[in-house]
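Heads up: the structure comes next, in structure tokens.
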Number of protein chains: 2
Amino acid sequence: MNKDPESTRTKIMNAAESIILDKGFGGTTVSNVIEQAGVSKGAFFHHFSSKAELGEELVQRYADQDAEHLEQTLRKAEGLSDDPLQQMLIFIKLFEQEIESLEKPFPGCLFASYLQQSELFDPNILDIIRESMLLWRTRVLDKLKKIEQEHPPRRDVDLESLADMLMVIFEGSFVLSQSLNENRVIAQQLSNYHSYLKLLFGPDK
Amino acid sequence: MNKDPESTRTKIMNAAESIILDKGFGGTTVSNVIEQAGVSKGAFFHHFSSKAELGEELVQRYADQDAEHLEQTLRKAEGLSDDPLQQMLIFIKLFEQEIESLEKPFPGCLFASYLQQSELFDPNILDIIRESMLLWRTRVLDKLKKIEQEHPPRRDVDLESLADMLMVIFEGSFVLSQSLNENRVIAQQLSNYHSYLKLLFGPDK
DNA sequence: TGTAACATACCGACCAGTTGGTATGTTAAT
DNA sequence: ATTAACATACCAACTGGTCGGTATGTTACA
């Protein structure tokens, strides 16, 4: 008997996530998954009661990693400056650097993949995704509020939609980068967001 | 015999587009399509040699409509001002208004849907999508170049990525609006882009 | 003008292959 | 001896696609 059943589980989930990002959930078969994972059908249904459950556990894992990634990067940025504006600008730059350091094409976002086929999923799965996106909104909005206090914006601006804009830039640039097959556009768009914030809250030149 | 076979064809394509935007291409069956379209399987395969051909004709039609929509809105904006910056700002505002006038949830973008399942399609289908996106880049970039000549930007900026940013904002806000079930976020994000351009090229206050 | 020859538009039963899922093993560690 | 962790064989439902057939056109020519 396998000493490490968790590794089989992980193999299945990793294979599934990779295939789903290429073909979508509806275009992915469990045969595809078990072939790529190198496990039997029995192993698959031993670990997951259905394809749908796999789908749910996948987003849950993805959401957890996403939240962790967000918090970690935020803490890192906060450690590098005391000024909220600088923290936010560093925060964005950290993501830019991360993208630039990728050698392979960016694999895409599982949230976006699911949302493009939302009728295939239970509402609770869509809830997980929405909560994940709202976490970004909350974290960035908090920071923007602090920025606003210390740096009066050059123009009136809706902070909530400005916070949402980061997620929008991410998701939008993922789509464009997928089409053009260029990771660079993601970093460039983050840079545009960076530049926008500097113009809004930065000092006059 | 049907006097208007084109209407059957259109019924099939409209049904298919609508379902694909909800379930993705891979999650859509021809049974789904013919049921919603109210036609027989025979009729389907009389008009389309395969599901894949339907998929191709669908993007082609979508790309044509998209290009037409782009050019039309651009001409309209150009008719409302002589200043390239104002034309661009009006251009964006026209899209904002269009979104705001929708009463139903925005149905999503077929390009993004296909790109999220790119492995399901021939390269030539992905080419159609890429060309459509590059048309937006070209048209907006042309305008930005004229703006730059008359309005020196407040910050150094890469015009090409600034042009891409419109498509990025569209696609990204489609994703977020799908998750939050709020069309409003699309208009808000367009407004952010509008604001960014004003800050970049607009007069000092 | 009538009609033979043919084309178009469509129907729905049917097919082979695939799908997600199950039933029944086998193996090995506790 | 029990049970977790698989493997294999299998199943019914569904998949995209084909088929023979029919109803309604259009065209050409006697």
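Side-chain atoms are counted along with the backbone in the values below, which use heavy atoms only and exclude waters and symmetry mates. All values derive from a computational prediction rather than experimental measurement. Per chain, numbering begins at 1; letters A, B, ... match sequence-line order.
- The main-chain N or O of A/Leu197 is never found under 3.5 Å from a side-chain atom of B/Tyr196 such that the two would form a donor-acceptor pair.
- Classification of B/Glu96 and B/Lys93 as a salt-bridged pair holds, one side-chain N sitting under 4.0 Å from a carboxylate O.
- Atoms CZ (A/Phe25) and C1' (C/dT19) sit 13 Å apart, rounded to a whole Å.
- The NZ atom of A/Lys11 sits 14 Å away from the P atom of D/dA5 (whole-angstrom rounding).
- Residue pairs satisfying the ring-ring contact (aromatic ring centres under 6.0 Å, His included) criterion with at least one member in residues 57-90 of chain A, sequence neighbours excluded, are listed as follows: A/Tyr62-A/Phe111, A/His69-A/Phe95.
- Side-chain nitrogen and oxygen atoms of B/His47 include none within less than 4.0 Å of the OP1 or OP2 phosphate oxygen of C/dA9.
- In this structure, A/Phe45 places its CZ atom 7 Å from P of C/dG20, rounding to the nearest Å.
- For residues 182-192 of chain B, the pairs satisfying salt bridge (charged side-chain N to carboxylate O under 4.0 Å, His left out) are B/Glu182-B/Arg184, with sequence neighbours left out.
- Remark: B/His46 is not in phosphate contact with C/dC10, judged by side-chain N or O atoms under 4.0 Å from OP1 or OP2.
- Taking 4.0 angstrom as the limit, A/Thr8 places none of its side-chain polar atoms (N or O) nearer than this to OP1 or OP2 of D/dA5.
- Neither OP1 nor OP2 of D/dG16 sits under 4.0 Å from any side-chain N or O of B/Ser50.
- Comparing the local axis fitted to the first five base pairs of the helix from C/dT1-D/dA30 to C/dT30-D/dA1 with the one fitted to its last five gives a bend of 0°, rounded to 10°.
- The separation between B/Arg9 atom CZ and C/dC10 atom P is 11 Å, rounded to whole Å.
- Listed by chain and number, the residues in a ring pair (Phe, Tyr, Trp, His ring centres under 6.0 Å) with A/Phe48 are A/Phe44 (sequence neighbours excluded).
- In terms of the side-chain contact (heavy atoms from CB on, under 4.5 Å) criterion, residue partners of A/Gln117 (sequence neighbours excluded) are, by chain and number, A/Phe25, A/Ser113, A/Leu120, A/Phe121, B/Gln117.
- In this structure, CD1 of A/Ile34 is placed 9 Å from P of D/dA7, rounded to the nearest angstrom.
- Counting to the nearest Å, the P atom of C/dG21 and the CZ atom of A/Phe48 are 13 Å from each other.
- The CD-P distance, from A/Glu35 to C/dT18, rounds to 12 Å in whole Å.
- Using a 3.5 Å distance cut-off with no hydrogens or angles, the side chains of A/Asn192 and B/Ser161 do pair a donor with an acceptor.
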Please write out the pairs of protein N or O atoms and N or O atoms of nucleotides 11-15 of chain D separated by less than 3.5 Å, giving the distance to one decimal.
none

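- One side chain, A/Arg61 or A/Asn14, offers a donor N or O that lies under 3.5 Å from an acceptor on the other.
- The distance from atom CZ of A/Phe44 to atom C1' of C/dT19 is 12 Å, rounded to the nearest whole Å.
- Between B/Glu148 and B/Lys145 there is no salt bridge, since none of the side-chain N atoms of the basic residue sits less than 4.0 Å from a carboxylate O of the acidic one.
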